[in-house]
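Atoms within each ligand, like the ligands themselves, are counted from 1 in listed order. As a basis for the values below, the full set of heavy atoms in this structure was taken, side chains included, without hydrogen atoms, waters or symmetry mates.
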Amino acid sequence: MQGARNELLLPILREVWGYPALRPGQGEAIGAWSAGREVVALLPTGGGKSMCYQLPALVERRLGRGTTLVISPLIALMQDQVDSLMARGVMAAALNSHQSKYDQEEVEAALEAELLDVLLVSPERAAQPRFKRLISTCEIALIAIDEAHCVSSWGHDFRPEYMRLGELRELVDAPMMALTATATPRVVDEIVRGLGLRDVELVRGDFARPNLQFSVSLQSSSDKRLAEMQQVLEDNGLRACETVAAELRSRNFRVGFYHGGRSQEDRCKAQLAFEAGRTRVLVATNAFGMGIDYPDVRVIVHWQAPGSLAAYYQEAGRASRDGQPGHCLMFFSAGDMMLQRRLVRDAKDRERSNEALEGIEAYAMASACRQRLLCAHFDPEAELADCGTCDVCVDIDAVLHKLESQHESKGPVEKLSRDELDTVVAAVGNLRKPVGKSSLARALRGSKAKALRKYGLQNLPEHGALKEQSEASIVAAIGELLREGRLATRGQKYPTVWLPDKAVRASKTVAETDRAKPSGAGKARKTRSAGKVSNLRRALELYRNRTAKKLSWKPYMVMHKKVIDQLDQTRPRSLQELYEIDGMGPAKVDRFGWDLLDIVRRYDSRPSA
Ligand code: ADP
Ligand code: ZN
């Protein structure tokens with residue numbers, strides 16, 4: 001069998017696709033399949049994953065061994081793949097909920113009549129009894145699971161239906177091949193177990209993207225981010241940059257925008273305008289589908305850091321897929337991390353998400369080659385040279401300087417001695433409750449601030465033990481201890497420090513206790529003492545008046561008083577929550593959303609005046 005397969009591979013590749021050879025990752029994956037093994041193929045975005053099952057599909061058909069089943073979660077892109085296969089004379093079809101019943105029946109009939117080379121199905125469809133009955137009577141040559149990281153609850157795209165794909169095994173006697181662009185060793189493990197793969201060969205493509213220049217910016221203010229983004233856009237020769245930048249700055253979009261809060265039609269228009277080059281910059285949330293693929297997107301800016309490094313790599317990896325130079329800039333600030341943490345409500349998910357966020361933070365705060373860090377995230381054993389183009393490679397001093405200036409106001413960072421580190425750990429051991437890094441650092445420096453009293457920090461045996469050290473140095477040392485695992489984080493709103501294996505006695509973390517203080521758990525956000533004007537409210541009014549002046553608008557046009565009332569009461573944490581406020585339509589959210597969230601974040605934690 002293996003010999004017959006191998007003989008057909010290259011001729012079909014040339015005949016159907018006109019490609020002279022397989023790419024390295026493809027060759028290994030297809031070779032393993034041909035030898036009768038099951039395969040997990042980790043190929044970077046653009047690496048040519050689909051070929052890994054399309055070519056075997058055609059080989060098997062020539063050998064009279066049935067149809068290849070492809071499970072893909074990207075329903076919107078299925079038809080594209082079908083069309084492009086049909087254009088090459090391959091008999092392909094898709095089954096998903098976007099089709100009419102009539103079309104679905106036609107595809108089912110074609111499968112039963114053994115007309116199909118390739119059948120694409122959504123994971124939802126694959127789990128349906130009707131579909132299972134159908135395929136149990138058909139000849140299936142291969143089951144390919146695309147975007148296989150969706151099986152992993154550690155991944156960033158978990159899809160519960162993927163957990164059920166293993167059930168196909170009971171109905172079909174065909175090998176499986178799992179493909180993904182984002183797989184850390186842990187996710188690979190879950191793919192193998194979740195799909196019940198046997199005799200697996202793991203094929204890892206080359207994740208290095210030498211043409212991409214990764215960098216991180218630690219700006220937290222919107223103005224500085226805009227200025228820096230403009231710089232990158234200009235440096236990369238995007239024409240009409242001045243206009244684009246001016247428009248970006250005044251937010252008077254010739255720039256298109258795309259997010260889940262817009263209608264289907266508006267999103268479609270924004271996408272088409274971008275595709276046709278009528279807009280040169282598209283500002284989008286990740287509602288802009290993960291599979292959308294233009295070869296010549298030169299710059300990908302992350303205005304805020306995403307929730308994990310895997311997600312970041314998949315999104316940023318869409319830059320310059322044609323191999324030309326491209327630039328990937330990520331903005332990062334501690335505030336962004338807090339926002340991300342808040343988005344995770346479920347305690348079960350929190351630990352994972354914290355771990356993922358630590359990956360992002362490590363990337364942002366790194367002083368080693370970014371390209372190497374990214375690759376090492378997927379393949380810890382890879383031995384890679386520095387890329388020579390990322391911001392660290394180009395100017396490490398500048399990066400170090402920026403990292404240090406994060407602590408500027410608090411003085412330079414000194415390394416603590418072994419004994420001093422032990423003191424920090426001992427202090428954490430003596431805490432009654434987890435506390436924030438800065439509070440702990442201040443207590444160790446002997447602060448008598450009132451705010452520390454309520455945590456009992458002034459009674460800590462180690463209170464004042466590190467008087468000689470700066471707050472920044474102690475905070476940095478705590479960070480180091482966290483990375484080493486000698487300390488652990490707890491809580492969501494503000495990560496607090498604690499010993500790794502010690503249980504927290506009270507069920508609430510300090511942050512939660514703090515928040516729930518006067519009015520009891522759960523209600524704190526809704527019940528504000530009447531009559532008093534909160535700091536948040538004042539900040540919002542100020543923002544409204546200033547913005548109105550800047551735009552020559554009437555203040556109520558920026559935000560109605562009722563909107564301020566609601567912001568003050570509900571204290572939204574995400575764009576989604578902003579949308580839920582009456583009077584905050586998509587246009588307002590787009591224009592003012594991040595600023596408002598920023599203000600809420602800054603003033604929500606402060607006590608009312
Ligand atoms: P992925 O799904 O991994 O992001 P695709 O399957 O969309 O990548 O393939 C990316 C591009 O590479 C496509 O245009 C595809 O036609 C092309 N390609 C795939 N395999 C080869 C090959 N062996 N030789 C040349 N081009 C290839
Ligand atoms: Zn580098």
Side-chain angles (χ1 to χ4, degrees), residues 9-31 41-58 70-74 77-78 80-85 87-88 90 92 118 120 144-149 177-183 203-216 289-297 313-323 325 327-329 363 366-377 382 384-396 398-399:
L9 283 171
L10 287 183
I12 294 182
L13 180 69
R14 289 180 190 137
E15 178 189 316
V16 175
W17 280 274
Y19 297 148
L22 287 169
R23 292 178 176 162
Q26 292 171 338
E28 288 170 51
I30 294 174
L42 314 177
L43 297 181
T45 311
K49 281 184 294 300
S50 25
M51 185 62 77
C52 296
Y53 54 80
Q54 288 172 352
L55 183 55
L58 296 193
V70 181
I71 316 292
S72 164
L74 307 170
L77 302 180
M78 275 185 189
D80 289 351
Q81 194 174 142
V82 168
D83 291 345
S84 100
L85 285 170
R88 298 182 188 286
V90 177
V118 177
L120 287 92
I145 319 281
D146 208 356
E147 311 291 347
H149 60 275
M177 180 187 278
L179 306 107
T180 173
T182 58
V203 174
R204 207 185 281 275
D206 184 2
F207 278 80
R209 299 285 305 276
N211 59 320
L212 295 188
Q213 185 187 340
F214 289 95
S215 57
V216 169
M290 66 170 166
I292 286 172
D293 175 18
Y294 306 118
D296 53 355
V297 175
Y313 190 77
Q314 181 155 72
E315 290 164 13
R318 290 192 218 147
S320 280
R321 294 183 49 171
D322 57 6
H327 193 119
C328 309
L329 170 66
Y363 173 76
S367 49
C369 173
R370 309 235 187 245
Q371 178 99 234
R372 259 180 56 191
L373 268 179
L374 284 169
C375 293
H377 185 69
L384 289 159
D386 285 358
C387 75
T389 54
C390 73
D391 55 346
V392 178
C393 284
V394 167
D395 189 351
I396 178 134
V399 170

Any atoms of ligand 1 less than 4.0 Å from a non-hydrogen atom of Thr45? List them with their elements. 4 (O)
Hey, does Leu22 sit under 4.0 Å from ligand 1 if you only count heavy atoms? yes
Donor-acceptor pair, Asp386 side chain versus Gly388 backbone, under 3.5 Å? no
Would you call Leu179 and Leu43 a side-chain contact if the rule is heavy atoms closer than 4.5 Å? no
Just to confirm my output: which protein heavy-atom neighbour is closest to atom 2 (O) of ligand 1, and how far is it? Lys49 NZ, 3.6 Å
With a 4.5 Å cut-off on side-chain heavy atoms, are Val297 and Ser320 touching? no
Validation row: Val16, Gln54 side chains within 4.5 angstrom (heavy atoms): no
Is any side-chain heavy atom of Ile145 closer than 4.5 Å to a side-chain heavy atom of Met177? no
Test: Arg370 cationic atom under 6.0 Å from Tyr363 six-membered ring centre, within 45° of axis: yes
At a cut-off of 2.8 Å, protein N/O/S around the Zn ion (ligand 2) gives Cys369 SG, Cys387 SG, Cys390 SG, Cys393 SG
With a cut-off of 4.0 Å, which atoms of ligand 1 are near a heavy atom of Pro44? 3 (O)
In terms of residue, atom name and distance, what is the protein heavy atom nearest to atom 14 (O) of ligand 1? Tyr19 OH, 4.6 Å
With respect to atom 9 (O) of ligand 1, which of Ser50, Gly48, Gly27 exhibits the smallest heavy-atom separation? Gly48
Ionic contact status for Asp146 with Lys49, cut-off 4.0 Å: no
Any side-chain heavy atom of Gln81 within less than 4.5 Å of one from Leu120? yes
Exactly one of Gln213, Arg372, Gln371 clears side-chain contact (heavy atoms from CB on, under 4.5 Å) with Cys387, and that residue is Gln371
Atom 19 (C) of ligand 1 within contact range, any protein heavy atom under 4.0 Å: yes
Nearest option to atom 17 (C) of ligand 1, as decided by whichever heavy atom of Met51, Gln26, Arg23 sits closest: Arg23
Counting non-hydrogen protein atoms only, what is the nearest one to atom 4 (O) of ligand 1? Give residue, atom name and distance. Gly46 N, 2.6 Å
For ligand 1, which atoms, with element, lie under 4.0 Å from some heavy atom of Arg321? 4 (O)
Mind checking whether Ala21 has a heavy atom under 4.0 Å from ligand 1? yes
Side-chain contact, heavy-atom cut-off 4.5 Å: Trp17 with Arg88? yes
Between Arg23 and Glu28, is any pair of side-chain heavy atoms under 4.5 Å apart? no
